[in-house]
Each structure stands twice: as structure tokens, then as C-alpha cells.
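Only one structure is covered here, and it is reproduced in the block below.
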Amino acid sequence: MAASLLKTSSVPARTKLLHQTGLSLYNTSHGFHEEEVKKKLQQFPGGSVDLQKEDNGIGILTLNNPSKMNAFSGVMMLQLLEKVIELENWTEGKGLIVRGANNTFSSGSDLNAVKTLKTPEDGVALCMYMQNTLTRFMRLPLVSVALVQGRALGGGAEFTTACDFRLMTPESEIRFVHKEMGIIPSWGGTTRLVEIIGSRQALKVLTGALKLDSTKALNIGMVEEVLKSSDETQSLQEAREWLLQFVRGPPEVVRTLKKSVSVVKELSIEDALEMERDLVGTVWGGPANLEAIARKGKFNK
């Protein structure tokens, strides 16, 4: 029955549904040549992006370049895309924590790369590359949370907005310093920031290059919660426990819920409703659904 109903979906909506994960914003039709950008980024080594997958379905993505406050080298930008592709294919995954090594999140782009990629053409190409990567990240069927320890500056601040949620330790800060660098956010940060805190607050944050400590970030709705500990290990455990409350249950259900919420942000109401209809057909009558019905359980805790 579900299969026959799916056949009534409009072609554009079905295409977006089937290809949303792994779909890039830009290609050669936009003047974007990914391989050329990758060759340039290879020239700037340093640091790594590390991924740990836990048995509970939670992944830990670590930005690891502590000598430069976890700034993104060119190689790290390449590795981030590789890790996103790996996560796209992690069918048992349900959640993801993004953090920085040595108790700080990220200071953005490595200035060595920025100084070399100095033409407008270089800037636009890097913009398209990182927008592609972070949009694919945002569309992952995983509930993601940025664990902000220490400082998240510039591109690091932008990365936090690609996560579904943000948690901060008491002494951490988020700051969009782009104005001080004579540029604007170019990794999709402005678009996502407006969605998170609204256009008025976003304008203040960006034009004032405001330092958002944990209290201010919580007050304007930038973060979900301020954790109790600033200790690197303890705050990671707190973040893990916080995320677990949202990812308990079968992977196929959690992942489908994330997909159904994600598509609403990118589609018209009509296409989003069609998408919801199509997605329910992937879980209705499935193992988790049938097991829940067989239990005849109450929903009271």
C-alpha cells in the first residue's frame, strides 16, 4: 500500500528526497570546480579532523589542530568533507557531537591559507566548497550538537550553526569576528544564524562582532544549555548524556525524524508535506513500529 502511494509523489519532491543526503549545492554549472579547489587546499597541511563512532550510535567529531586553536588548515577542510561522507554512510548512527581538541572549539580558518588564497575568485571558490560541505553536514540524518569549549571564532562560530543544537561550557565564547577581518561569514553562517536567533539579533551579533559568553548566548537563544563543567572530559560526558535523551530508540526512526525536520527548512509547505508523507512510508509497518504496537505500552514514564 505504502509503495503504491509513494508513486503519487511529485518528481521534484521525490528527487530531493532520494538525493538530499550527499547532494551538493554547487557544481560546474555554477562555475565551481571541486577538484581544483581540493588541489589548492592540499597545499596547506596541519591538524586533522577525527571521527570516533560509539556503539550507542553517537559519533564524536573532533577538530584537532591545538597549536593553532583548532583552526582549519586546507587539509582539515578536505578531511571534514571525507568525514561527512563517512557519516552519510553510517547507517547505525543516530547522533553526533562536534568538539575541538584541548578544550577549545575552533578559531576558524588557518591564516596561512587565507593569506595565500587572497583573490576574490579564491574566496568565492572556498566559500562554495565549505558551503557544500556544511550543507551536507547539516542534512545528515543524525541529531548533531556542537560542544563549545573555550572559543569558537569566525569559521568556528559558523560551524556551530550547522549543528542542530549548541551546548557551551561556563567559560566559553562564540564570536563572529568576520567584520574585524574585513569580510562577512561565507560558510553559510549568516543564513543559519538568522534562522537560529532571528534577523535583528543576528544583525547585532554580526555588525557588533559581539562576544557571546555562555550567559548571553543562552539568553538570545543561540545555545540550548550551559553545561556545569568546563573540564574537557566531564563536559564531553555531559554533552553525551544530553544528546542521548534525543537519540534513544531504533536508528531508522531517529534518522527518519531528523530527515523529516530537515526537509521543512528547505522546501515549500506543499513539498514538505509530501516529503513527510513519503518518509512515514519508510517506517510505518517497520520492525520498530510493529514492536511498539505489540507491546501495547503506555507513553507515561
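Position 1 is the first residue of the sequence; numbering continues from there.
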List the steps and the verdict of side-chain contact (heavy atoms from CB on, under 4.5 Å) for Thr207 and Phe176.
-> CA-CA 9 Å; Thr207 59; Phe176 293 80; over 6 Å; no
Listed once per pair and sorted, the ring pair (Phe, Tyr, Trp, His ring centres under 6.0 Å) pairs that draw on residues 212-245, sequence neighbours left out |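 Non-adjacent pairs meeting ring pair (Phe, Tyr, Trp, His ring centres under 6.0 Å): Phe165-Trp242, Trp242-Phe246.
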Ring pair (Phe, Tyr, Trp, His ring centres under 6.0 Å) pairs, two or more places apart, involving residues 64-104 |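 Passing the test, one end in residues 64-104: Phe72-Trp187.
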Exam field: side chain [X] to backbone [Y], donor-acceptor pair closer than 3.5 Å:
X	Y	answer
Asn64	Val49	no
Ser262	Arg139	no
Asn132	Leu25	yes
Arg99	Phe105	no
Ser172	Met168	no
Thr104	Gly100	no
Thr169	Asp231	no
Asn65	Ala71	yes
Ser73	Gly46	yes
Lys94	Gly57	no

[X] side, atom [atom1]; [Y] side, atom [atom2] - distance, nearest 0.5 Å:
X	Y	atom1	atom2	answer
Met76	Lys68	CE	NZ	10.5 Å
Leu236	Thr62	CG	OG1	7.5 Å
Thr119	Glu121	OG1	CD	4.5 Å
Asp164	Leu142	CG	CG	9.0 Å
Leu87	Ser144	CG	OG	10.0 Å
Leu257	Glu252	CG	CD	10.5 Å

Minimum heavy-atom distance [X]-[Y], with the two atoms named:
X	Y	answer
Gly95	Val247	CA-CG1, 4.1 Å
Lys83	Leu51	CD-CB, 3.7 Å
Lys228	Glu238	N-OE1, 2.9 Å
Pro185	Leu206	CG-CD2, 3.9 Å
Ser229	Pro170	O-CD, 3.6 Å
Val84	Leu140	O-CD2, 3.8 Å

Got a list of side-chain donor-acceptor pairs under 3.5 Å for residues 147-155, not counting sequence neighbours?
unit_1 : atom_1 : unit_2 : atom_2 : d
Gln149 : NE2    : Asn103 : OD1    : 3.4
Gln149 : NE2    : Glu232 : O      : 3.4
Gln149 : NE2    : Ser235 : OG     : 2.6

Using a 4.5 Å cut-off on heavy atoms from C-beta on, say whether the side chain of [Y] contacts that of [X].
X	Y	result
Gln131	Glu158	no
Pro287	Glu291	no
Leu212	Ile220	yes
Leu243	Ile58	yes
Leu111	Ser109	no
Gln42	Leu78	yes
Thr190	His178	no
Thr91	Pro251	no

All pairs passing side chain to side chain donor-acceptor pair (under 3.5 Å) where residues 28-39 contributes a residue, at least two apart |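 The answer is Asn27-Ser29, Asn27-His30, Glu34-Lys38.
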Ile184, CD1 atom: more than 12 neighbouring heavy atoms under 6.0 Å =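 Not more than 12 within 6.0 Å, no.
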Would a hydrophobic clustering, with Ile, Leu, Val, Met, Phe, Trp and Tyr connected at side-chain separations under 4.5 Å, put [X] with [Y]?
X	Y	result
Met138	Val145	no
Leu41	Leu81	yes
Leu210	Ile197	yes
Met130	Phe44	yes
Leu244	Ile97	yes

Going by the salt bridge (Lys or Arg N to Asp or Glu O under 4.0 Å) test, which pairs reach into residues 48-57, not counting sequence neighbours?
->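 For residues 48-57: Lys53-Glu86, Glu54-Arg240.
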For residues 198-221, pull every pair meeting salt bridge (Lys or Arg N to Asp or Glu O under 4.0 Å), keeping only residues two or more places apart or in separate chains.
->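 The answer is Glu173-Lys211.
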Tell me, with the steps shown, if Leu80 and Leu134 meet side-chain contact (heavy atoms from CB on, under 4.5 Å).
-> CA-CA 9 Å; Leu80 178 60; Leu134 291 182; 4.1 Å; yes
Please test Val124 against Phe32 for side-chain contact (heavy atoms from CB on, under 4.5 Å), starting from the C-alpha separation and ending with a verdict.
-> CA-CA 9 Å; Val124 171; Phe32 176 65; over 6 Å; no
Would Glu88 and Arg136 satisfy salt bridge (charged side-chain N to carboxylate O under 4.0 Å, His left out), going step by step from the backbone distance to the final call?
-> CA-CA 9 Å; Glu88 288 172 347; Arg136 289 177 69 165; 2.8 Å; yes
Go through the side-chain N and O atoms of Gln237 and Glu241 and say whether any donor and acceptor fall under 3.5 Å apart.
->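 Note: Gln237 and Glu241 side chains meet the donor-acceptor criterion.
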Taking the six-membered ring for Trp, is the centroid-to-centroid distance between Phe159 and Phe137 below 6.0 Å?
->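 Close enough - the centres of the two rings lie under 6.0 Å apart.
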Stepwise, does the side-chain contact (heavy atoms from CB on, under 4.5 Å) test hold for Glu224 with Leu218?
-> CA-CA 7 Å; Glu224 308 303 313; Leu218 184 64; over 6 Å; no
